[in-house]
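Source: prediction; values computed, not measured. Note: hydrogens, waters and symmetry copies are ignored here, and every other heavy atom, side chains too, is used.
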Amino acid sequence: MMRRVILGISGASGAAIGLQVGRLLAAMDDVELHLVVTSAARRTIAHEAGNEALGRLIGLATHFHSESDIGASIASGSFRTAGMIVAPCSMRSLAAISTGITDNLLTRAADVQLKERRRLVLLARETPLHLGHLRNMVAVTEMGAVVMPPVPSFYRNPASVEDLVAHIAARAVDLLGLTDAPLIPEWRG
């Protein structure tokens, strides 16, 4: 049985994480990947990962949705999903999600995950944080989202930036609970 997963990419720095999440989800035989990318994300992806990166990501998706298509399947609660990851999640997208402003497909799809009590993982990307950012994180957490700032785990002794990105992306995918065995091995002490 195919499980539908939505990947939203917003304009925050950290495009490599969203690209890696897309690769991990596309590699799962039983995942139907629905992708939505904001206009700001398009610019960030091109700047951080090159002009061809977005095309490669779109090629991995089962369905690519325009951010302006608020009538897309993923905008409806009757369209069942296994969850959604927003990687990276800009403070603008976080604020819109926390207040129910559904002015594009990414924020509408996230809103649907919350109202349907489905898993929503937000890789909130900003530093330092002001009180408004923190309040938005609290608000979405109270609504059921998982806020996962993309903080590296240095205890695993990463050898490269790619190792850090791979770990963060795999940890985000693991939070959806799609596999019996986690992508990141359990810490054994």
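- Residues V5 and M28 fail the side-chain proximity criterion, which asks for heavy atoms closer than 4.5 Å.
- R4 places a side-chain N or O within 3.5 Å of a backbone atom of R80 that can act as its donor or acceptor partner.
- Side-chain contact between S73 and H65 is present, with heavy atoms from C-beta onward closer than 4.5 Å.
- The shortest distance between side-chain heavy atoms of L57 and F64 does not fall below 4.5 Å.
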*Test side-chain contact (heavy atoms from CB on, under 4.5 Å) on V147 and V140 and set out the steps.*
CA-CA 8 Å; V147 177; V140 296; 3.5 Å; yes

*Are T81 and E32 close enough, and set up right, to give a side-chain contact (heavy atoms from CB on, under 4.5 Å), and what steps lead you there?*
CA-CA 9 Å; T81 69; E32 180 181 300; over 6 Å; no

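- For R108 and D111, the salt-bridge test passes: some basic side-chain N is under 4.0 Å from an acidic carboxylate O.
- Judged purely by atom type and a 3.5 angstrom limit, S90 has no side-chain atom pairing as donor or acceptor with the backbone of A12.
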*Show the numbers, then the answer: is there a side-chain contact (heavy atoms from CB on, under 4.5 Å) between I9 and L35?*
CA-CA 8 Å; I9 302 181; L35 175 66; 4.3 Å; yes

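- Using bins of under 30°, 30° to 60° and over 60° for the plane-to-plane angle, the ring pair H63/H34 lands in the parallel bin.
- Around CZ of R156, the count of heavy atoms belonging to other residues, nucleotides or ligands within 6.0 Å exceeds 12.
- Residues passing the side chain to side chain donor-acceptor pair (under 3.5 Å) test with R92, sequence neighbours excluded: D103.
- Taking CG from N136 and CD1 from I97, the interatomic distance works out to 10.0 Å, rounded to the nearest 0.5 Å.
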*Step-by-step side-chain contact (heavy atoms from CB on, under 4.5 Å) determination, L175 to R171*: CA-CA 6 Å; L175 285 172; R171 183 75 177 97; 3.6 Å; yes

